[in-house]
Structures are given as structure tokens and as C-alpha cells.
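The structure appears right after this line, and notes come after that.
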Amino acid sequence: MKPEEPEKRIRAGIMGGTFDPIHMGHLILAERAKEQFHLDTVYFMPAGNPPHKRNRAGRADDEQRTEMVRLAIKSNPHFRLSLFEMNSDGFSYTYRTLEKLDREYPDTDFYFIMGADSLVDFDTWKEPQRIADAAHLVVATRNEMDPDAFDALLQQRQAQFHGDFLRLDTPNLDISSKHLREMIRSGESVRYYVPDEVREYIELNGIYRQTKDMVQEAQ
Ligand code: ATP
Ligand code: MG
């Protein structure tokens with residue numbers, strides 16, 4: 001009798017974010033994570049906004065954020081859009097999402113991708129221990145964080161949660177959605193910061209164009 005082949009586990013990346021708008025930083029992180037951790041697929045999962053945060057002035061609505069993700073990833077066969085967090089009440093905690101995915105896909109290992117700013121905040125997230133139990137955490141540097149400080153933070157989180165905190169090897173990518181919203185508002189070009197299709201969609205729909213006094217940027 002032939003020995004049974006060991007089961008091949010699927011490796012899936014999760015790139016969560018508000019993607020308001022999606023930009024090259026998100027796309028580079030996902031592609032690097034796919035390569036470094038041999039991921040089969042990376043799922044882009046736009047976070048739903050709770051009802052009171054929808055249709056805010058100067059921001060894209062849920063449908064527009066989703067459409068921008070769709071446009072940004074469509075040329076990459078390893079990237080997929082997931083509407084898992086765009087549910088009817090529009091809001092979902094990361095730990096719930098990851099635990100649900102673990103239950104629904106027992107043959108898949110999940111790699112949750114984030115920037116170092118998210119790792120700094122990690123212990124203020126809802127149920128961080130359950131997040132660390134449910135997925136590998138793949139973290140990219142951000143905001144010119146000192147490399148030694150970054151390694152120390154990864155080790156600190158590892159000791160704190162006994163999870164799998166992995167460093168994604170990327171250069172510092174100096175780009176944020178917040179900065180792009182400000183650039184668009186003041187009429188600057190965001191060409192090359194976002195894929196062309198996303199830039200055209202933003203222009204066509206007049207997203208992020210409200211003048212400064214109409215908009216209070218909420219963090
Ligand atoms: P905002 O400025 O509105 O907060 P953002 O650029 O941080 O937007 P998010 O949608 O908040 O984008 O980010 C989703 C995830 O991607 C977060 O974990 C964030 O840390 C990470 N991320 C986004 N941009 C970068 C970047 N340039 N370098 C590293 N990580 C990034
Ligand atoms: Mg952010």
C-alpha cells in the first residue's frame with residue numbers, strides 16, 4: 001500500500017484595511033508577502049464602516065472603496081477581493097474574521113499582513129490574543145521605524161502573545177491613504193502612487209475633492 005501523501009496546506013494572506021484609497025504601499029506589501037511566505041493567494045478585505053461612519057464628506061463610501069480595490073488587483077492572478085468584512089451591519093472585528101476563517105477553512109493557514117504602525121497599536125485592538133492565536137502575523141516596516149526598534153517590537157509582541165510575528169522584508173514605503181486624500185484635495189497628482197485605473201476612478205467620481213473647510217479629517 002502506498003503511504004499517504006502528507007496533506008498540502010493552503011497558505012492564504014489577508015490584507016485588511018480601509019483602503020480609502022488603496023495605494024501602491026498595500027499592493028507592494030501583498031506581493032512581497034506572497035513571495036516571502038509562498039502564499040497561494042492574498043485576499044484584500046476592505047473593512048466595513050459602521051453605519052454612522054458611512055458617506056462621510058471627503059471620504060469614499062463602502063462601494064467606492066470596494067470598487068477601487070477591485071480595479072487595483074484585477075491584473076494580479078494571486079490577488080482576490082473578499083467582502084467578508086463588508087457584511088450587512090458593515091463592521092467586523094479582526095479576531096472574529098480570523099476565527100471564522102479558521103473554522104470555515106480548516107486546511108488553510110492564514111497570514112495576516114499589516115504595517116508596523118498597526119503592530120505598535122496591536123495591544124489596543126479588540127482581543128489581540130485571539131488574533132495572534134488565529135493567524136500568523138506578517139509585519140512590514142513603516143514611518144521610518146528604526147530597524148532595531150522594529151525587531152525589538154516584534155520580539156516583544158512574540159513574548160507577549162506567544163504568536164507568530166514575522167518580519168516582512170520591505171523597504172520603508174513612504175505612502176499613506178491619508179496623505180493621498182490630502183494631495184487630491186489640494187489638486188496634486190497621485191499618479192504612480194495608485195494604479196492608473198484607481199486614479200481614473202477617483203477623478204471620474206470626484207472622490208476626496210471637498211475643500212478643507214468642509215472636511216474635518218477624523219483619524
Ligand atoms: P490611512 O492613512 O487612512 O490610515 P493607510 O495608508 O494606513 O491609510 P490602511 O487602509 O489604514 O492604509 O492600511 C491597511 C494596512 O496596511 C495597515 O496594517 C497599515 O499599517 C498597512 N499599510 C498601509 N500603507 C503602508 C505602508 N506604506 N507601509 C507599510 N504598511 C502599510
Ligand atoms: Mg492606516
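Both ligands and their constituent atoms are indexed starting at 1 by order of listing. All values below were derived from every heavy atom in this structure, side-chain atoms included, with hydrogens, water molecules and symmetry-related copies excluded.
Within a 6.0 Å radius of OH in Y193, other residues, nucleotides and ligands contribute 12 heavy atoms or fewer. A 6.0 Å sphere centred on CG of D107 holds more than 12 heavy atoms belonging to other residues, nucleotides or ligands. Residue E104 qualifies as enclosed at atom CD: its count of foreign heavy atoms under 6.0 Å is above 12. Other residues, nucleotides and ligands contribute over 12 non-hydrogen atoms within 6.0 Å of the CZ atom of F84.
Heavy-atom contacts of G17 reach the following atoms of ligand 1: 10 (O), 14 (C) (cutoff under 4.0 Å). Against a heavy-atom cut-off of under 4.0 Å, S118 is close to the following atoms of ligand 1: 17 (C), 18 (O), 19 (C), 20 (O). Taking every non-hydrogen atom of R181 and a distance limit under 4.0 Å, the qualifying atoms of ligand 1 come out as 3 (O). The atoms of ligand 1 that sit less than 4.0 Å from any heavy atom of L173 are 26 (C), 27 (N), 28 (N). Which parts of ligand 1 touch M15 is read off a 4.0 Å heavy-atom cut-off, strictly below it: atoms 15 (C), 16 (O). Proximity to M114 (heavy-atom distance under 4.0 Å) selects the following atoms of ligand 1: 18 (O). Below 4.0 Å from some heavy atom of F19 lie the following atoms of ligand 1, by number and element: 10 (O).
If you check the side chains of N205 and Q64, you find no donor sitting under 3.5 Å from an acceptor. In the model, D20 has a side-chain atom that pairs as donor or acceptor with a side-chain atom of Y208 under 3.5 Å.
In the candidate list E182, H26, K178, R65, H26 is nearest to atom 9 (P) of ligand 1, counting heavy atoms.
In this structure, H179 does not count as a contact residue of ligand 1, since none of its heavy atoms falls inside 4.0 Å of the ligand. Taking 4.0 Å as the cut-off, T141 counts as a neighbour of ligand 1 on heavy-atom distance. At least one heavy atom of G16 sits less than 4.0 Å from an atom of ligand 1. Residue contacts with ligand 1 do not include D20, since none of its heavy atoms lies under 4.0 Å from the ligand.
In this structure a side-chain-to-backbone donor-acceptor pair under 3.5 Å is present from R142 to I175.
The distance between the ring centers of F19 and H26 falls below 6.0 angstrom.
At a 4.0 Å heavy-atom cut-off, ligand 1 touches H23 through the side chain alone. Within the 4.0 Å heavy-atom criterion, the part of D117 lying near ligand 1 is the side chain and not the backbone.
Tested against D109, the residues K8, R11, R9 include a single salt bridge (charged side-chain N to carboxylate O under 4.0 Å, His left out) partner, R9.
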